[in-house]
Q: 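Pasting in a structure now, in structure tokens, and then I'll have a few things to ask.
Basis for what follows: all heavy atoms, side chains included, without hydrogens, waters or symmetry-related copies. In what follows, residues are counted from 1 in the order of the sequence shown.
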Amino acid sequence: FGMFSELKFPVPWGHVAAKAWGPSEGHPVLCLHGWLDNANTFDKLIPLLPRGCYYVAMDFSGHGLSSHRPAGCPYHFLDYVTDVRRVAEALQWRRFTLMGHSMGNFSFSYCFISPQFCFLYPEMVDKLILLESLGFLLAPEDTEAWLKSKRRVIDMLLNLEAKEQTPKARSPEAALQRLLEANSHLTAEGGAILLQRGATETPAG
């Protein structure tokens, strides 16, 4: 475990960085660092753990070697949960162990990232390991609504990102026609006014 490899996973605002120890064919373990920390949190711990596992410690967005989110974008706790989902998807992990520390499991400002992921995607987590954690507290009557709404938000976002394509270029006439078809209340004059500022002219259209 003396050697590790650096990993990078593309995201819409740049990349999420991670470091990995152990054989890639080993049992997958995703390690989540604490508040204002980074993946190096696990440097001293990993050598003490079982050697048959593949440990991946990610840097949350804005931490370590991961890209910062665009200026002005807040770092909401659900965004961190979504980062975990993105990394698991990039690694093609269908089921893995989740190990979280501090912010990775509990913080008053960033909430419970590891337990929340486990709560939202129980089919993906075989074991949950919490270091210095209070667990995830949610009133029983709120559970079902919370699960449905938060999981829907994450899944819809990742589905949209997966389907994202390079914008198509159209002629000004075709762009206006498309706008009018989608907005029946618009007049041709109103649509043309909106397109003056709402479209960008390129050599292709």
Q: If you define the side chain from C-beta out and look only at heavy atoms, does anything of Met99 sit under 4.5 Å from Leu49?
A: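 Counting from C-beta outward, Met99 and Leu49 do come under 4.5 Å.
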Q: Can you tell me how far NE2 of His27 sits from CG of Asp126, rounded to the nearest 0.5 angstrom?
A: 4.0 Å
Q: Can you tell which of Ser66, Ser67, Ser61 makes a side-chain hydrogen bond (donor to acceptor under 3.5 Å, both in side chains) with His15?
A: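 That would be Ser67; it is the only one of Ser66, Ser67, Ser61 passing the side-chain hydrogen bond (donor to acceptor under 3.5 Å, both in side chains) with His15.
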Q: What are the two closest non-hydrogen atoms of Gly100 and Ser114, and how far apart are they?
A: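 Heavy atoms only, the tightest pair is CA-OG, 3.3 Å.
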Q: I need the full list of salt bridge (charged side-chain N to carboxylate O under 4.0 Å, His left out) pairs touching residues 18-46, with sequence neighbours left out, sorted by first then second residue.
A: Lys19-Asp43
Q: Filter on salt bridge (charged side-chain N to carboxylate O under 4.0 Å, His left out), then keep only pairs touching residues 116-125, sequence neighbours left out; what's left?
A: Glu123-Arg151
Q: Looking at residues at least two apart in the chain, or sitting in another chain, which of them share a side chain to side chain contact (heavy atoms under 4.5 Å, CB included) with Lys127?
A: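 With neighbours one apart ignored, the set is Thr97.
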Q: Could you grab the distance from atom CE of Met124 to atom CG of Leu30, nearest 0.5 Å is fine?
A: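 It comes to 9.5 Å.
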Q: Quick check: closest heavy atoms across Trp21 and Ala39, and the distance to 0.1 Å?
A: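 Trp21 and Ala39 have their closest heavy atoms at CH2-O, 4.3 Å.
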Q: With a 4.5 Å cut-off on side-chain heavy-atom distances among I, L, V, M, F, W and Y, is there a chain of contacts connecting Tyr54 to Val87?
A: yes
Q: Report yes or no: do Leu7 and Leu65 belong to one cluster of Ile/Leu/Val/Met/Phe/Trp/Tyr joined by side chain heavy-atom distances under 4.5 Å?
A: no
Q: Classify the ring geometry of His63 against His33: parallel below 30°, tilted from 30° to 60°, perpendicular beyond 60°.
A: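 Correct class here is tilted.
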Q: Show the nearest heavy-atom pair for residues Val56 and Ala18, with the distance to one decimal.
A: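 Answer, listing the atom of Val56 first, then Ala18: CG1-CB, 3.8 Å.
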Q: Going by the salt bridge (charged side-chain N to carboxylate O under 4.0 Å, His left out) test, which pairs reach into residues 58-84, not counting sequence neighbours?
A: Arg69-Asp83, Asp83-Arg86
Q: Can you tell me how far CG of Leu32 sits from NE2 of His101, rounded to the nearest 0.5 angstrom?
A: 11.5 Å
Q: Look up atom CD in Gln116 and atom OH in Tyr80, then write down how far apart they are to the nearest 0.5 Å.
A: 13.0 Å
Q: How far does CG of Leu78 sit from CG of Leu157, to the nearest 0.5 angstrom?
A: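 Nearest 0.5 Å value for the CG-CG distance: 9.0 Å.
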Q: Taking only residues two or more places apart in sequence or in another chain, which ones pass ring pair (Phe, Tyr, Trp, His ring centres under 6.0 Å) with Tyr121?
A: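 Tyr121 satisfies ring pair (Phe, Tyr, Trp, His ring centres under 6.0 Å) with Phe117 once adjacent residues are dropped.
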Q: Looking only at heavy atoms, which two atoms of Tyr55 and Pro50 are closest? And how far apart?
A: OH-O, 2.7 Å
Q: What heavy-atom pair brings Met58 and Val16 nearest, and what distance separates the two atoms?
A: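 Between these two residues, the closest heavy atoms are CE-CG1, 4.1 Å.
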Q: For residues 196-205, which side-chain N or O atoms pair as donor and acceptor with protein atoms under 3.5 Å away, sequence neighbours left out?
A:
from: Thr202; atom 1: OG1; to: Ala204; atom 2: N; distance (Å): 3.3
from: Thr202; atom 1: OG1; to: Gly205; atom 2: N; distance (Å): 3.4
from: Thr202; atom 1: OG1; to: Gly205; atom 2: O; distance (Å): 2.9

Q: Sequence neighbours excluded, which residues qualify as salt bridge (charged side-chain N to carboxylate O under 4.0 Å, His left out) partners of Lys148?
A: Glu144
Q: To the nearest 0.5 Å, how far apart are CD1 in Ile129 and SG in Cys118?
A: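 Reported value, rounded in 0.5 Å steps: 11.5 Å.
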Q: Residues two or more places apart in sequence or in another chain: which of them pass ring pair (Phe, Tyr, Trp, His ring centres under 6.0 Å) with Trp93?
A: Phe96
Q: Donor-acceptor pairs are to be reported for all side-chain atoms of residues 174-195 against protein atoms at under 3.5 Å, with residues two or more places apart or in another chain.
A:
from: Gln177; atom 1: NE2; to: Glu181; atom 2: OE2; distance (Å): 3.3
from: Asn183; atom 1: ND2; to: Leu179; atom 2: O; distance (Å): 3.0
from: Thr187; atom 1: OG1; to: Gly190; atom 2: N; distance (Å): 3.0

Q: Is there a side-chain contact between Leu158 and Glu89 in this structure, where contact means two heavy atoms from C-beta onward sitting under 4.5 Å apart?
A: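 Leu158 vs Glu89: side chains apart.
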